[in-house]
Student: 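One structure is given below, represented as structure tokens, and several questions about it will come after.
This chain uses plain numbering: 1 for the first residue, then up along the sequence.
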Amino acid sequence: MMEIDHWAVVDDLAARRCAKTFGIQTIGTGGLLILAKRRGIIRSVKRRIDRFRDAGLYLSESIIQLLLSEAGE
């Protein structure tokens, strides 16, 4: 079977479980923010997290702290 270097962007637990069943790698919104900062696309992960939360995306405080730590913020 040919290996393809693609990721599915999902935040929903059921979607992540389904993707895992089919061997599909996943990344969530937080992971995308970290990648964007590391690649110089965005300057602040915290600013984006705040905007997502204002729009209604739920992120636990422990996840937020983990993301900020990974981002060096």
Side-chain angles (χ1 to χ4, degrees):
M1 184 171 177
M2 182 170 58
E3 188 170 327
I4 301 173
D5 189 23
H6 290 69
W7 291 65
V9 180
V10 294
D11 287 316
D12 181 77
L13 179 60
R16 289 194 311 266
R17 287 180 178 158
C18 182
K20 184 177 179 180
T21 299
F22 289 101
I24 300 169
Q25 293 180 303
T26 62
I27 188 168
T29 302
L32 287 177
L33 291 175
I34 299 300
L35 285 176
K37 181 164 183 189
R38 289 180 180 167
R39 293 181 179 178
I41 298 168
I42 63 172
R43 292 183 184 166
S44 171
V45 168
K46 180 166 182 356
R47 197 168 114 213
R48 295 311 194 285
I49 288 172
D50 290 343
R51 290 171 71 185
F52 282 137
R53 290 179 83 191
D54 289 345
L57 179 70
Y58 173 77
L59 293 167
S60 70
E61 285 302 316
S62 61
I63 292 296
I64 291 171
Q65 292 308 311
L66 175 64
L67 293 170
L68 295 177
S69 175
E70 286 290 319
E73 295 183 28

Student: Might you work through the side-chain contact (heavy atoms from CB on, under 4.5 Å) test for L35 and I27, ending with a clear yes or no?
Tutor: CA-CA 10 Å; L35 285 176; I27 188 168; 3.5 Å; yes
Student: Rounded to the nearest 0.5 Å, what separates atom CD1 in I42 from atom CZ in R47?
Tutor: 8.5 Å
Student: Kindly indicate, with the supporting measurements, whether the criterion side-chain contact (heavy atoms from CB on, under 4.5 Å) is fulfilled by K37 and E73.
Tutor: CA-CA 11 Å; K37 181 164 183 189; E73 295 183 28; 2.9 Å; yes
Student: For a quick test of reading the model, state the closest non-hydrogen atom pair linking D11 to G28 and the distance between them.
Tutor: OD1-CA, 3.3 Å
Student: Spell out, yes or no, whether V45 and F52 are grouped together once hydrophobic residues are joined by side-chain heavy atoms under 4.5 Å, including indirect joins.
Tutor: yes
Student: Would the distance check show the side chain of R53 and the main-chain N or O of Y58 forming a donor-acceptor pair, the cut-off being under 3.5 Å?
Tutor: no
Student: Distance-only criterion, 3.5 Å: show the donor-acceptor pairs between side-chain atoms of residues 62-71 and protein atoms not counting sequence neighbours.
Tutor:
residue : atom : partner : partner atom : Å
S62     : OG   : S60     : OG           : 3.1
E70     : OE1  : R38     : NH2          : 3.0

